[in-house]
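Report on the structure given below.
Throughout, protein chains are lettered first and strands after them, A, B, ... in sequence-line order, and every chain is numbered starting at 1. Predicted model only: the values in this text are computed from it and were never measured.
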Number of protein chains: 2
Amino acid sequence: MTGPRTLPTQGAPRGRKRASHSLEAVLGAAVALLDEAGAPALTFRALAARLGTGVGTIYWYVSNKDELLDRATDHAIGGVLALVEGQPQSDDPIADLRAMAIALFDAIVDRPWLSAYFMRNTDVQGNSLRLYEKLGQPTLRLDLTPRQRFHAVSAITSVVVGTAADLGAEIPPEILDGTMDRDAYLARFAEQWRSLDSAEFPFVQEIVDEFAGHDDRDQFLAALELTLSGLRLQAGAG
Amino acid sequence: MTGPRTLPTQGAPRGRKRASHSLEAVLGAAVALLDEAGAPALTFRALAARLGTGVGTIYWYVSNKDELLDRATDHAIGGVLALVEGQPQSDDPIADLRAMAIALFDAIVDRPWLSAYFMRNTDVQGNSLRLYEKLGQPTLRLDLTPRQRFHAVSAITSVVVGTAADLGAEIPPEILDGTMDRDAYLARFAEQWRSLDSAEFPFVQEIVDEFAGHDDRDQFLAALELTLSGLRLQAGAG
DNA sequence: CCCCGGATCGAACGTCGTTCTAGTATCGAA
DNA sequence: TTCGATACTAGAACGACGTTCGATCCGGGG
């Protein structure tokens, strides 16, 4: 009456007899909607239409939109987790950290809607905890205190989420429609910046060319590298 | 017909004759609503009620909710900018960078709604550009390439926004009502984490005590320090 | 005096999340 | 076979939201 008993956080849908729509189907359709047109496209009515059911049916599997979003996010993070778990372990823990952070970043670039809901996922169990564990494991091979390890992982996730969110934010609708390409968009900004008073805005003048031609991935990699080199320094001085 | 001609991004409201509600008043009320009860509290009806007007009036000053949010955010960032500009410049550029980042972080902690709208503010002009400039100026005193300076500032803002967003997300309604205090909330998580299989979750087991008693500000300061020490290393090796 | 344009107002529209009631299919027990 | 409980489906309805629109007010220049 309040919903299906439990959901397997992993694995195939176990013996549900003849349900035409499982929770898995709902989540899959939700993720598809999010992928196709972002967060505003995920409405109960659109989801019901896609599944060929009524809105009431969705509420049988999920108690409200927050839970739908949480479960859909966890569903998507499952994919990232699989990727990260498939990565081979190297001799250098920091290199492993880097590889995982990049995999996570790429996943968010693929699904920009993830960044908005990534941080508010307070699930104790689920895939995000498992991902957190995976991200933390390389720090166990570093000469750090538990506190330093804790801070290191949160620093790395901050960099990933922070830059990815920044990235997802800078995409106004004009550019998604193909009306205007990214370079022209950046160039318009750059031009306005160049016209600023260079006595009042010396820094902006200094970096405007870099901004005009910047690559988001390079920007992320540079930020990540700063954190990682700080971490390497910390581990070496232990 | 489409709104007031322009808005002074700074300064007193100039000679508007007898408007009972200026844009400044609208923005002030909007920020007040956001401060009192967060983003969901800011609705056109609530705002109109607070101003003692109709909803239509607000649309005279602002063309839609996105613009309202952008302007309100910029309004709030003006306060941070004033704080940052009031800080004295020291001999150490990195220390200045640190101080600014901390001021920004504290401002977001004060106004958690800022984190959500901080990144999507793509205004070319306005206070966020000025703040960006201020954040970048210390890097001019560092021995770096323009590209490195550009990356350094975006790395720092990523850390600030990333951790602040993470922080704002981990506040479920129970804790804001005073129903449950933060320590008990963290302890509940910690307990569930402790019951996990330690072979499968070695890292979580390692840091669970740190997590249970962690301070958000310390977490941010640690992440910031990693980036700054990486930056110092980069500047020294120039 | 009238009129014109800046400024104000609130009813109304469409969409959203959510609730509720009615309904159908399946199965074990009587 | 009948009955009721359980699992699930369906869509009308409600209130709140963002937004639009025509009506209205009001001061200053003709």
Side-chain angles (χ1 to χ4, degrees), chain A residues 1-8 13-27 29-30 33-34 36-73 113 116-117 120 173, chain B residues 1-8 13-27 29-30 33-34 36-73 113 116-117 120 173:
Chain A
M1 292 171 164
T2 44
R5 336 188 165 285
T6 40
L7 72 159
R14 52 167 167 233
R16 200 187 304 281
K17 285 289 175 56
R18 66 181 51 245
S20 49
H21 305 105
S22 64
L23 177 62
E24 301 291 324
V26 171
L27 262 33
L33 281 174
L34 288 167
E36 286 165 17
L42 179 59
T43 68
F44 278 83
R45 277 172 250 264
L47 189 52
R50 193 186 190 93
L51 291 167
T53 70
V55 289
T57 303
I58 303 172
Y59 276 92
W60 174 257
Y61 294 100
V62 153
S63 65
N64 52 41
K65 190 164 187 181
D66 273 351
E67 188 183 324
L68 174 64
L69 240 11
D70 281 347
R71 289 211 143 93
T73 304
W113 53 271
Y117 299 101
R120 45 155 260 172
Chain B
M1 283 144 170
T2 44
R5 337 186 166 287
T6 39
L7 74 158
R14 52 170 168 224
R16 201 187 303 281
K17 284 288 177 55
R18 63 181 49 245
S20 49
H21 307 104
S22 64
L23 177 62
E24 300 292 321
V26 171
L27 262 32
L33 281 174
L34 288 168
E36 286 165 19
L42 180 59
T43 68
F44 278 82
R45 278 172 248 263
L47 189 52
R50 193 187 190 92
L51 291 167
T53 70
V55 288
T57 304
I58 304 173
Y59 277 91
W60 175 257
Y61 294 100
V62 156
S63 67
N64 53 41
K65 190 163 187 182
D66 274 350
E67 189 183 325
L68 174 63
L69 239 13
D70 281 347
R71 290 226 211 276
T73 305
W113 53 270
Y117 299 102
R120 44 154 262 175

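- The separation between B:Leu68 atom CG and D:dC17 atom C1' is 14 Å, rounded to whole Å.
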Between the protein and nucleotides 18-20 of chain D, list the N/O to N/O atom pairs that are separated by less than 3.5 angstrom.
unit_1 : atom_1 : unit_2  : atom_2 : d
D:dG18 : OP1    : B:Lys65 : NZ     : 2.4
D:dG18 : OP2    : B:Phe44 : N      : 3.1
D:dG18 : N7     : B:Arg45 : NH2    : 2.7
D:dG18 : O6     : B:Arg45 : NH2    : 2.8
D:dT19 : OP2    : B:Tyr59 : OH     : 3.1
D:dT19 : OP2    : B:Lys65 : N      : 2.8
D:dT19 : O5'    : B:Tyr59 : OH     : 3.3

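- With rounding to the nearest 0.5 Å, the separation of CH2 in B:Trp113 from CD in B:Glu36 is 12.0 Å.
- Atom OG1 of residue B:Thr43 and atom CG of residue B:Leu47 lie 7.5 Å apart, to the nearest 0.5 angstrom.
- For the pair A:Trp60 CH2 and C:dG23 P, the computed distance is 19 Å after rounding to whole Å.
- Distance check, rounded to the nearest 0.5 Å: OG1 of B:Thr57 to CG of B:Leu51 gives 9.0 Å.
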Check: If pairs are Watson-Crick or G-U with both distances under 3.5 Å, what is the dot-bracket string of DNA chain D, marking crossing pairs with [ ] and pairs to another strand with |?
Finding: |||||||||||||||||||||||||||...
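- Note that the OG1 atom of B:Thr73 and the CG atom of B:Leu34 stand 7.5 Å from one another [nearest 0.5 Å].
- In this structure, CG on B:Leu42 lies 10.5 Å from CZ on B:Arg50, to the nearest 0.5 angstrom.
- Considering only heavy atoms from C-beta on, B:Val62 comes within 4.5 Å of B:Leu23 through its side chain.
- One finds a side-chain N or O of B:Thr57 lying less than 4.0 angstrom from the OP1 or OP2 phosphate oxygen of C:dC9.
- Rounding to whole angstrom units, CG of residue A:Leu33 and P of C:dC16 are separated by 11 Å.
- Of all the heavy atoms in B:Ala41 and B:Ala46, the pair that sits closest is O-CB, 3.8 Å.
- Here D:dA10 presents its P atom at 10 Å from CG of A:Leu51, a figure rounded to the nearest Å.
- Interatomic distance, OH of A:Tyr59 versus CD of A:Glu67, reported as 11.0 Å (0.5 Å rounding).
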